[in-house]
Amino acid sequence: MAKPADTRTAGRKPAKATRSAAETEKIRAALAARRDELRAEYDQTLSEITELQRDRLTDSAGDDQADTGTKTFEREQEISLANSIKERITQVERALERLDEGGYGWCERCGNPIPVERLAAFPSATLCVTCKQLEERR
Ligand SMILES: [Zn+2]
């Protein structure tokens with residue numbers, strides 16, 4: 001049985017903050033869930049693109065140049081959406097790798113652990129909320 005995690009680290013100044021194994025597991029689970037979510041979203045977007053493209057091809061008979069332009073634009077938008085989802089998947093996968101190496105989830109500025117909830121919401125976060133706010137105020 002693991003002893004309860006010590007959350008009251010204030011006052012002490014650890015050379016390097018530590019994260020409990022349970023917390024690391026929590027982050028891993030959150031990241032993995034996020035990755036699965038994004039993958040589903042990506043698949044969904046891809047099949048939508050395919051479907052829309054099929055529709056566009058079938059009713060393009062009477063298109064003038066403007067219609068064609070709009071359709072091209074729409075298609076580009078969808079593809080860039082798909083690409084940005086893919087990028088987020090890659091980010092989450094990298095985060096999982098770094099988590100295994102112990103280099104993930106620490107604030108780059110103050111070195112404190114970034115809260116699990118924040119990491120789950122923003123897997124690419126490299127700053128804790130406090131430092132992020134300081135950064136934005138500059
Ligand atoms: Zn910080």
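Note that ligands are numbered from 1 as they come in the structure, with each ligand's atoms numbered from 1 the same way.
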All pairs passing side chain to side chain donor-acceptor pair (under 3.5 Å) where residues 113-133 contributes a residue, at least two apart: none
Worked check of side-chain contact (heavy atoms from CB on, under 4.5 Å) between I27 and L99: CA-CA 8 Å; I27 297 170; L99 181 67; 4.1 Å; yes
Salt-bridge criterion met for E51 and R75 (N-O under 4.0 Å): no
Short side-chain to backbone donor-acceptor contact, R34 and L119, under 3.5 Å: no
Side chain to side chain donor-acceptor pair (under 3.5 Å) pairs, two or more places apart, involving residues 81-97: R39-E93
Salt bridge (charged side-chain N to carboxylate O under 4.0 Å, His left out) against E108, all qualifying residues, sequence neighbours excluded: none
Metal site the Zn ion (ligand 1), protein N/O/S atoms found under 2.8 Å: 4
